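Notes to accompany the following structure.
Chain letters run A, B, ... following the sequence lines, proteins first, then strands; residues in each count from 1. None of these values were measured; they are calculated from a predicted model.
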Amino acid sequence: MTLSAYLPIALMFLLVVGFAGISMVLSRSLAPHNPTPEKLDPYECGIVPLQEPLQRFPVKFYLVAMLFVIFDIEIVFLFAWAARFVDLGWYGVAAVGIFTLLLIETLVYVWKRGALDWNVQHRARYRRVVAVDAAKEAA
Amino acid sequence: MTRDAALSHDALAEQFPAAEFGESYGQRIVRVPRKDLVAFVAAARDIGFRMFIDVCGVDYLRRSPRFEVVIELLSLEPPSRLRILVGVPGDDPSLPSITGVFAGADFYERETYDMFGIVFEGHPDLTRILLPDDWEGHPLRKDAPVGAVPVQFKGSNQAT
Amino acid sequence: MSRPSAPPNILTAVLGKAVGWARTRSMWPASFGLACCAIEMMATGAAHNDLARFGMEVFRASPRQADLMIVAGRVSQKMAPVLRQVYDQMAEPKWVISMGACASTGGMFNNYALVQGVDQVVPVDVYVPGCPPGPQGLIHGILTLQNRISAGEYAVR
Amino acid sequence: MSNPPDIVTGETETYPQMGESEALPEPPEKPTPSRRRTLHDMWVSGTEAPVDTGRFTDEGAQEMLAEEEPDVLAGQRGTLVVDDYDEAAVSDEETQIVNMGPQHPATHGVLRLQLELEGETIRRVKPIIGYLHTGMERTGEALTFMQGPTNVTRMDYLSPFHNELCFSLAVERLLDLEVPPRARAIRILMTELNRVASHLLWAATTGLDIGALSMMIYGWREREACLAFFEKTTGLRMNHNYIRPGGVAADLPDGWEDDLVAIEETVLEGLADYEGLLMENPIFLERTQGVGVLTPEECYAYGVTGVLARASGIDFDIRKTFPYSGIEQYEFDVPTAEHGDVYDRFVLRFEEVRQSLGIVRQAAESMPLGDYRSEDRKVTPPPRARIDQSMEALIHHFKIFTEGFKVPEGEVYQAVESPRGELGMYIVSNGGAKPWRIHVRGPSFAHVQALPAMLTDSLIADTIAALASADPVMGDVDR
């Protein structure tokens with residue numbers, strides 16, 4: 001692979017870095033920069049915040065974040081296969097198929113363990129609504 | 001209001017001799033002394049006025065019981081309305097709260113307190129509702145200043 | 001409140017005009033709808049008389065991403081500190097349009113409850129008359145503000 | 001400081017001030033329960049010392065405390081009336097009080113909700129209102145009866161005609177004045193069209209809140225058609241001051257029949273689009289069914305009326321139980337449902353738009369001829385041309401427009417079915433030209449109070465849907 005094959009990639013890289021750099025420099029120099037104490041306050045719909053925002057978030061938020069990371073990375077791996085899937089032929093499809101099946105299995109496990117549903121309904125009134133519909137279907 | 005079926009009008013009448021019943025433009029009103037207000041409202045709800053509609057205050061500046069609290073109730077089966085008027089003297093503006101009977105009276109009583117300064121005893125959380133907390137005075141009283149900014153128009157007689 | 005601007009010469013003048021022009025192309029309004037004027041502001045943003053023609057159809061909820069605050073409606077005494085807080089939290093090139101008679105001068109409610117004119121709370125750039133001003137009135141106000149900015153009158157505030 | 005001076009006489013109506021009157025005794029200041037902190041101390045993030053809170057909003061006493069008395073706690077949890085709160089299932093995770101404050105895209109105006117959150121589930125709700133308090137009831141006392149509709153029409157700015165109609169009907173009952181049949185028919189026609197426009201706006205903003213963004217564009221498209229007709233008839237798109245004591249301000253413009261036919265066509269067509277877009281959409285069903293439920297007992301206790309009550313199964317519509325302005329001659333029915341959740345409210349409101357369009361069509365077809373204002377020249381000003389001819393008309397005109405017509409002493413409560421529920425006006429007159437007291441019973445005030453019962457123990461996303469389905473208009477709440 002002669003060096004020239006890498007020229008478009010280098011050009012692309014320069015373009016990306018150049019655009020990002022220029023826009024940051026321009027906005028830094030032209031836009032007024034004026035951090036006031038109010039701007040540093042957390043935004044609470046116009047009310048001055050009472051106390052520090054809660055540091056320890058409930059664990060459910062981290063759970064959802066981790067699940068997202070897992071399935072997002074899975075897609076990143078698929079990119080490599082997608083680039084050459086014609087040449088890889090059925091062998092490629094099988095390999096990726098096994099990989100995806102593994103992840104679907106984790107999805108089913110997570111779904112059954114109930115990590116995905118947030119809806120904690122304690123009040124009878126919510127169950128009553130479902131019951132009324134069920135009764136109607138039954139009747 | 002003309003289809004106002006007479007609820008068991010007399011049922012309330014003989015339970016509360018002190019209440020004077022009346023009629024104002026087709027709607028039935030009743031004037032109840034302060035002390036047995038809660039009992040009267042509970043009795044009214046039991047005989048049919050189940051829907052709570054409204055509580056508001058009125059400031060009759062020169063009348064002997066200066067303030068008046070007006071409670072509106074509604075019954076659905078024989079569709080009819082009832083308006084309960086309670087006189088509240090100016091020097092001791094307080095009366096029992098009916099949040100025990102109707103949970104919906106909470107915000108209305110806070111608004112009446114906010115606007116007129118009428119204190120509702122037994123109200124779980126009697127604070128201002130429409131005005132900011134550090135507001136002095138009760139604006140809907142007749143002797144409260146309107147707070148109007150005098151208009152700069154030179155020709156108009158200068159507002160006090 | 002802002003950086004001292006350099007003495008005007010040919011380079012910065014052209015740059016200043018370019019920056020002024022760029023700032024008006026898509027000014028995102030902070031959704032500060034209070035009362036009846038907010039309904040007309042939404043009508044301006046909807047399909048019939050479209051605000052998207054000026055690149056302004058997205059009403060940013062948080063003041064961080066907003067350049068223009070349209071005070072649409074009557075400002076009560078309880079709301080004034082909130083208005084001031086949201087104005088302070090907006091990023092620097094920010095402008096204020098006071099929409100409607102109640103925001104501009106207290107309108108027909110000359111009493112204890114309203115701030116008689118929102119310019120007692122925040123510096124206002126354009127006053128739009130009307131009660132409520134129709135969508136055309138509001139767009140006219142916005143265009144006036146944009147012409148002023150690209151002409152460089154409110155370069156940096 | 002008293003009301004602005006009289007235009008003609010120039011003397012001001014002076015009420016006895018505290019000083020000069022016969023020294024009204026100062027009422028003993030009853031200490032409100034002191035456990036509420038009067039001015040909460042605050043730590044602004046990033047600084048060590050507590051900051052002087054003079055400049056900040058200090059609704060200290062109205063805000064939600066970490067620990068509350070049991071009865072206040074029940075109120076905030078919405079279990080005062082129907083206590084179905086499953087105490088055991090509440091985990092002891094750390095909770096956080098968050099502000100869904102006055103400046104928020106989904107609170108339909110400047111309503112502030114303080115939510116105590118446990119993760120994404122809401123434990124307690126405290127609505128804080130008053131951010132749009134305009135003192136309209138005090139302004140109403142300074143305006144004559146004829147100027148009243150201008151003040152009242154700005155209260156519930158989504159249904160200005162209903163406010164004006166309620167005020168005018170109340171004043172007419174005080175005056176015992178009979179309004180000609182054409183005026184009554186025009187009034188019904190305009191208020192029902194106003195209900196259509198208000199429900200369209202509600203469908204647009206609620207669709208936007210729930211995530212159906214295109215609903216916002218569609219909803220406004222039909223509403224513009226209605227507003228164009230309002231502007232053609234009354235001269236204004238909103239805040240019309242069209243329905244006045246004694247009739248309506250002007251007759252219908254010529255060519256109004258085909259305008260109405262065109263409106264009915266576009267709205268019905270639009271309605272079919274919305275129902276196609278929303279009603280079978282699984283995401284929409286998931287977001288609305290079983291959300292924000294109100295039980296009938298809570299509707300009775302909190303005074304919740306209108307679509308929210310009918311969705312919970314209470315068959316109460318003022319147009320049927322206490323008909324006003326001749327609406328009983330038109331034939332329409334009032335749909336009800338039984339779940340009381342957001343989905344039922346959607347179905348009911350769409351159905352109500354159809355019923356209202358039916359009423360508008362019937363009113364248009366059977367529009368009686370004749371005068372659109374009452375003949376009683378004491379109340380309605382004479383036509384402009386008459387003033388040059390007859391001295392008496394000139395006197396009437398002068399009297400009405402300077403000091404206003406006198407209303408006999410008395411008090412009246414008049415209710416009207418506004419798109420949000422029972423809109424009532426309690427007017428006390430002391431025989432003068434200005435009302436002594438106007439109290440407006442806004443339906444949204446009761447709906448905001450019932451929010452804790454609807455929102456607790458659901459997810460934050462459900463709050464947006466439930467709050468939007470209650471359709472609170474803050475002008476109606478704060479007045």
Examine whether an atom of C:Cys131 lies under 4.5 Å from a heavy atom of chain D, and if so say whether it belongs to the side chain, the backbone or both; otherwise answer neither.
-> both
SB check D:Lys232 D:Asp259 (cutoff 4.0 Å) | yes
Of C:Ala47, C:Cys36, C:Ala30, the largest count of non-hydrogen pairs under 4.5 angstrom with chain D goes to C:Cys36
Do D:Arg479's NZ or CZ and the ring of D:Phe445 fall within the cation-pi criteria of under 6.0 Å and 45°?
-> yes
Who wins among D:Met136, D:Met474, D:Met216 for the most heavy-atom pairs under 4.5 Å with chain C?
-> D:Met136
Under 4.5 Å heavy-atom distance to chain C, tell me which part of D:Ile129 shows up: side chain, backbone, both or neither.
-> backbone
Could you give the distance from NE2 (D:His199) to CG (D:Leu158), rounded to the nearest 0.5 Å?
-> 11.0 Å
For the candidates C:Ile39, C:Val86, C:Asn49, which exhibits the highest count of non-hydrogen atom pairs separated by less than 4.5 Å from chain D?
-> C:Ile39
For the residue pair C:Met108 and D:Arg154, establish whether any side-chain heavy-atom pair is separated by less than 4.5 Å.
-> yes
Checking C:Ala61 against chain D: side chain, backbone, both or neither under 4.5 Å from a heavy atom?
-> both
Using non-hydrogen atoms only, which part of D:Asp478 is less than 4.5 Å away from chain C: side chain, backbone, both, or neither?
-> neither
Between D:Phe145 and D:Lys434, is there a cation-pi geometry (under 6.0 Å to ring centre, at most 45° from the normal)?
-> no
Could you note down all residue pairs passing side chain to side chain donor-acceptor pair (under 3.5 Å) where residues 208-223 of chain D supplies at least one of them, sequence neighbours left out?
-> D:His108-D:Asp209, D:Glu222-D:Tyr274
Heavy-atom distance under 4.5 Å between the side chains of C:Phe32 and C:Met99, does that happen here?
-> no
Short N-O contact, D:Lys126 and D:Glu63, less than 4.0 angstrom | no
Looking at D:Ala204, D:Gly475, D:Pro102, D:Gly109, which one has more heavy-atom pairs under 4.5 Å with chain C than the rest?
-> D:Pro102
Decide ring pair (Phe, Tyr, Trp, His ring centres under 6.0 Å) for D:Phe230 and D:Phe161; before the verdict, give the C-alpha distance in whole Å, the side-chain angles of both, and the deciding distance to 0.1 Å.
-> CA-CA 10 Å; D:Phe230 289 156; D:Phe161 280 115; 5.1 Å; yes
Beyond-backbone contact of D:Arg420 with D:Asp156, side-chain heavy atoms, under 4.5 angstrom = yes
Aromatic plane relationship, D:His133 with C:Tyr112 - under 30° parallel, 30 to 60° tilted, over 60° perpendicular | tilted
Taking heavy atoms only and a threshold strictly under 4.5 Å, list by residue number the residues of residues 66-75 of chain C that touch chain D; give 'none' if the list is empty.
-> C:Arg74
In terms of heavy-atom pairs under 4.5 Å, which option from D:Asn239, D:Leu227, D:Leu143, D:Ile217 contacts chain C the most?
-> D:Asn239
When only pairs under 4.5 Å are counted, which of C:Ala46, C:Ala38, C:Gly33, C:Ala43 shares the most heavy-atom pairs with chain D?
-> C:Ala43
